[in-house]
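Have a look at the structure below before the remarks.
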Amino acid sequence: MSTKERALPEPQQANDQAAPVAWMKHQEPYQPKIILGPIRPHNDDGAPDMGFEPLYVAAAVSARQQADKEIAALREALQFYAGGAHFLRSDPDAWDTVSGEPQNYYCDEAGTATIEDGTFARLVLEGEHVDFSDDDSSAISPT
């Protein structure tokens, strides 16, 4: 029975006593070789191939959970801007769109501040592509 055909163990904690669920070998160019199974892959001579590193379910799940938390926090921060909560105007008449700039930019009547109204954050949350490049000759605008 090959390593690929062996049944995988139940998810376990990543520690010295846990059985790995897969083995990974880093290769150049970066094309990792992954072999499923709790048994370390062997060379043609039957000796364990020491180039493989064990992979554990708990570590993979933990990394995914951490990424999900970070994504949720970033989405919450973007929602703050998308809803315009960062742009509180004591006197709405003191702010107007900027001549020659996209309509999502506002400038105060004294000309001392320019602010984007949250359109970029809203577009990103909606899955739209936003071009953030700026060559100093034109404003950044939604595409």
Side-chain angles (χ1 to χ4, degrees), residues 1-44 48-143:
M1 178 186 291
S2 75
T3 305
K4 290 181 184 179
E5 296 170 354
R6 291 190 176 115
L8 298 178
E10 292 298 314
Q12 300 186 28
Q13 295 298 318
N15 61 37
D16 292 338
Q17 283 73 40
V21 296
W23 296 84
M24 180 172 71
K25 186 176 198 176
H26 299 282
Q27 302 181 99
E28 294 295 331
Y30 187 70
Q31 296 175 343
K33 181 176 183 180
I34 297 178
I35 299 204
L36 299 177
I39 308 300
R40 181 186 295 271
H42 287 74
N43 293 321
D44 293 336
D49 186 335
M50 301 310 286
F52 281 89
E53 300 173 20
L55 298 177
Y56 300 94
V57 168
V61 169
S62 175
R64 176 56 192 230
Q65 289 170 340
Q66 184 63 31
D68 288 346
K69 285 181 185 178
E70 185 175 350
I71 290 168
L74 290 170
R75 290 187 64 81
E76 188 175 338
L78 281 175
Q79 189 59 54
F80 173 83
Y81 289 97
H86 69 292
F87 185 27
L88 304 176
R89 297 175 275 186
S90 300
D91 180 3
D93 294 333
W95 292 85
D96 197 3
T97 55
V98 182
S99 178
E101 301 289 346
Q103 294 299 298
N104 55 316
Y105 282 91
Y106 285 83
C107 185
D108 69 338
E109 63 185 12
T112 59
T114 301
I115 192 165
E116 198 273 334
D117 68 0
T119 298
F120 290 136
R122 180 182 51 77
L123 290 172
V124 168
L125 286 169
E126 291 172 355
E128 297 291 325
H129 173 73
V130 178
D131 181 8
F132 290 103
S133 62
D134 185 2
D135 63 4
D136 292 335
S137 63
S138 63
I140 301 170
S141 64
T143 55

Sequence neighbours excluded, which residues qualify as side chain to side chain contact (heavy atoms under 4.5 Å, CB included) partners of [X]?
X      : value
Ala113 : Trp95, Asp108
Ala94  : Asp91, Glu109
Ala82  : Gln79, Ala121, Arg122, Leu125

Practice task
Answer whether the closest heavy-atom distance between the side chains of Tyr105 and Ile115 falls below 4.5 Å.
Solution key: no
Problem - His86 (side chain) donor-acceptor with Glu116 (main chain) under 3.5 angstrom - result: yes
Handout entry: All pairs passing salt bridge (Lys or Arg N to Asp or Glu O under 4.0 Å) where residues 70-79 contributes a residue, at least two apart
Key = none
Handout entry: Value rounded to 0.5 Å, distance of CG in Leu78 from CD1 in Ile71
Key = 12.0 Å
Practice task
Rounded to the nearest 0.5 Å, what's the gap from NZ on Lys25 to CG on Asp49? Could you check?
Solution key: 3.5 Å
Exercise for the section: List the steps and the verdict of side chain to side chain contact (heavy atoms under 4.5 Å, CB included) for Thr114 and Tyr106. Expected result: CA-CA 5 Å; Thr114 301; Tyr106 285 83; over 6 Å; no
Completion exercise
Across all chains, not counting sequence neighbours, the ring-ring contact (aromatic ring centres under 6.0 Å, His included) partners of Phe52 are none
Exercise for the section: Could you pull out all residues at least two apart from Asp68 that satisfy side-chain hydrogen bond (donor to acceptor under 3.5 Å, both in side chains)? Expected result: Arg64
